[in-house]
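The block underneath contains the structure these notes are about, expressed in structure tokens.
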Amino acid sequence: MPGDEEVKLVMQMTKEAIKAQERDPFTAFANRVRELNYGKSYFFKPIRAKDLKNVDPIKSCQYFDSCFKDPSTFSVVIVGNIEPAIALPLILQYLGGIPKPDKPVMHFNRDELKALPFTFPKSVVREVVRSQMVEAQCSVQITFPVDLKGPHVMEEIHFVGFLSKLLETRIMQVLRFKHGQIYSVNVSVFLGGNKPSRTGNVRGDITVNFSCDPDSSWRLVGLSLDEMLCLQEQGPSDLDVSTILEIEQRAYENGLQENGYWLDRILRGYQSRFYAGDLNVSLKAQDEWRNKVRSSLTKVTMQEALQRILPSPCTKQYTVVVLMPKLPRLQRLKSFLFSGEKRLGIEGKVLIGTTGTLVLAAFWWKYSRARNVT
């Protein structure tokens, strides 16, 4: 166990690191995105400096040690240009020397584990997060829920990968090459919300991220949604499909030459819901699903996947959070009044006009009283 001075030092370092993150504008932005998309789920809840007072560091160390007491539960993956004759003795020395406990430490049955508890908003949520910035900049994230069902869930996961490339390519064409407003777009996929069983649905989300000028943010959000809706209603072109297939094939071939690709592939093989002790069977199944989806991709099947996997229409359920620089107070008041006027239309104009009249009347009444007194 660590000594008191070591614990105190680590806790202080952790506290300072958390406070540094809290000062970062993008941390506040990311925290609000997670809070909206995952309904304040404990798994996604950000750690605050004030939360550290509830942490028992000794108990935390004991739990950490207990997780690594049983080497029979380890899956060690090493990828790279290594010499087995040199690496194996070191592995046996540092890992094989851990004594096996009399009873298993982990008592988990994969099929009995629960999924992450989170709930995506049922309708549209649009928010602005304002933070103090040295340089004015703006980040946008649009998120759509994904809930894959049915007997072909693994194939659907590969469809999600191809759809993300299609969305990234088309939104880039509109926002950058047509309107010249951004440098890049990133469409990412999170499918980690499901329980790691061999059955059941797969939950997660698809997100669209880009940075832009603050004054253009909401206009670009609208253009992105319009492009996605167009793909759902009209479908992609044959050129779009061939482009996506070529991008995916090139990424696959390049990945075969990289250690990171093989590490991720092996880990996914172990973590696959079809892994039952034979890694080769799991890896072969992954290749079969990929090849099956690739061979089935047409503009019709991609349009059907867009309608099936994303909310249809996509404009009925999503969240969008925009990170904006914090404005001076007077400018914030003007921005609020202007945005309220645009949001409420005629009713907003009447409300703002009535409020202004009442304020002027109050000033005039106070001024008249002052004159009468004198």
Cation-pi, F118 ring and R203 (6.0 angstrom, 45 degrees): yes
Nearest-0.5 Å distance, OG1 of residue T315 to CG of residue L310: 11.5 Å
Exercise: identify the closest heavy-atom pair between S224 and I171: OG-CG2, 3.8 Å
Joint hydrophobic cluster, V129 plus F26, side-chain heavy atoms closer than 4.5 Å: yes
Full working for side chain to side chain contact (heavy atoms under 4.5 Å, CB included) between K45 and K40: CA-CA 6 Å; K45 184 180 178 181; K40 300 182 180 180; over 6 Å; no
Side chain to side chain contact (heavy atoms under 4.5 Å, CB included) between L245 and Q249, worked out: CA-CA 6 Å; L245 287 171; Q249 181 64 26; over 6 Å; no
For a quick test of your reading: what N or O donor-acceptor pairs under 3.5 Å do the side chains of residues 211-223 make, sequence neighbours left out?
{"residue": "D213", "atom": "OD2", "partner": "D215", "partner atom": "N", "Å": "2.9"}
{"residue": "S216", "atom": "OG", "partner": "Q181", "partner atom": "OE1", "Å": "3.1"}
{"residue": "S217", "atom": "OG", "partner": "P214", "partner atom": "O", "Å": "3.1"}
{"residue": "R219", "atom": "NH2", "partner": "H179", "partner atom": "ND1", "Å": "3.3"}

Heavy-atom check, side chain of K326 versus side chain of S131, under 4.5 Å: no
Side-chain donor-acceptor distances from residues 317-325 under 3.5 Å, at least two apart:
{"residue": "Q317", "atom": "NE2", "partner": "P121", "partner atom": "O", "Å": "2.8"}
{"residue": "Y318", "atom": "OH", "partner": "R126", "partner atom": "NH1", "Å": "2.8"}
{"residue": "T319", "atom": "OG1", "partner": "N37", "partner atom": "OD1", "Å": "2.6"}

Residue pair I247 / T243, side-chain heavy-atom distance below 4.5 Å: yes
Ring centroid separation W289 to F159 under 6.0 Å: no
Salt bridge flag under 4.0 Å for residues D65 and K69: no
Test side chain to side chain contact (heavy atoms under 4.5 Å, CB included) applied to L297 and F162, step by step: CA-CA 9 Å; L297 280 188; F162 284 104; 3.5 Å; yes
Check: T207/S188 side-chain N/O donor and acceptor closer than 3.5 Å: yes
Connected via hydrophobic side-chain network under 4.5 Å: F44 and V146: no
Heavy-atom check, side chain of P25 versus side chain of T27, under 4.5 Å: no
Flag side-chain contact, heavy atom, 4.5 Å: V202 against I157: yes
Cation over ring face, R290 and Y252, 6.0 Å, 45°: yes
Side-chain hydrophobic cluster, 4.5 Å single linkage: members besides M13: L9
Exercise: do N254 and Y261 side chains pair donor with acceptor under 3.5 Å: no
Cluster check V33, F144: I/L/V/M/F/W/Y, side chain < 4.5 angstrom: no
Short side-chain to backbone donor-acceptor contact, E155 and H152, under 3.5 Å: no
E83 CD: over 12 foreign heavy atoms closer than 6.0 Å: no
Crowding at OH, Y63 (>12 non-hydrogen neighbours, <6.0 Å): no
CA sep, side-chain torsions, deciding dist, call: K8, D4, salt bridge (charged side-chain N to carboxylate O under 4.0 Å, His left out): CA-CA 6 Å; K8 185 177 180 180; D4 293 340; over 6 Å; no
Inter-residue atom distance M302.CE - I309.CD1, 0.5 Å rounding: 9.0 Å
Exercise: do Q141 and T143 side chains pair donor with acceptor under 3.5 Å: yes
Heavy atoms of other groups near D102 CG, more than 12 under 6.0 Å: no
Residues in side chain to side chain donor-acceptor pair (under 3.5 Å) contact with R34, at least two apart in sequence or another chain: N31
Taking every non-hydrogen atom, the tightest pair across P313 and L229: CB-CD1, 3.5 Å
Student check: side-chain heavy atoms of M228 and L167 closer than 4.5 Å: yes
Salt bridge (charged side-chain N to carboxylate O under 4.0 Å, His left out) assessment of D287 paired with R265: CA-CA 11 Å; D287 287 335; R265 177 170 163 78; 2.9 Å; yes
Trace of the salt bridge (charged side-chain N to carboxylate O under 4.0 Å, His left out) decision for K19 with E22: CA-CA 5 Å; K19 285 185 174 181; E22 291 176 347; over 6 Å; no
Residues that F43 engages under ring-ring contact (aromatic ring centres under 6.0 Å, His included), provided they are two or more places apart: none
N/O donor-acceptor pair under 3.5 Å between W262 side chain and L256 backbone: yes
Verdict with supporting geometry, S123 and K316, side chain to side chain contact (heavy atoms under 4.5 Å, CB included): CA-CA 6 Å; S123 58; K316 77 174 184 179; over 6 Å; no
Derivation and outcome, salt bridge (charged side-chain N to carboxylate O under 4.0 Å, His left out), residues K292 and E288: CA-CA 6 Å; K292 185 174 182 180; E288 290 175 353; over 6 Å; no
L263 CG to N259 CG distance, which is reported to the nearest 0.5 Å: 8.5 Å
F29: ring-ring contact (aromatic ring centres under 6.0 Å, His included) partners, not counting sequence neighbours: none
Single-linkage hydrophobic cluster, 4.5 Å side-chain cutoff, V189 and I244 together: yes
Charged N-O contact under 4.0 Å between R294 and E248: yes
E156 side, atom CD; N201 side, atom CG - distance, nearest 0.5 Å: 11.0 Å
Donor-acceptor contact below 3.5 Å, side chain S282 vs main chain Y275: no
Note, Q173 side chain near K178 side chain (heavy atom, < 4.5 Å): no
Lys/Arg N to Asp/Glu carboxylate O, R250 vs E253, below 4.0 Å: no
Crowding at CG, L52 (>12 non-hydrogen neighbours, <6.0 Å): yes
Spatial distance of atom CD (Q232) from atom SG (C314) [nearest 0.5 Å]: 4.5 Å
More than 12 heavy atoms from other groups under 6.0 Å of OH on Y94: no
Distance in Å, L239 CG paired with K299 NZ, rounded so as to fall on 0.5 Å steps: 11.5 Å
Single-linkage hydrophobic cluster, 4.5 Å side-chain cutoff, L191 and I206 together: yes
R170 and D240 ion-paired at < 4.0 Å: yes
Within-4.5 Å side-chain heavy-atom neighbours: V281 and F274: no
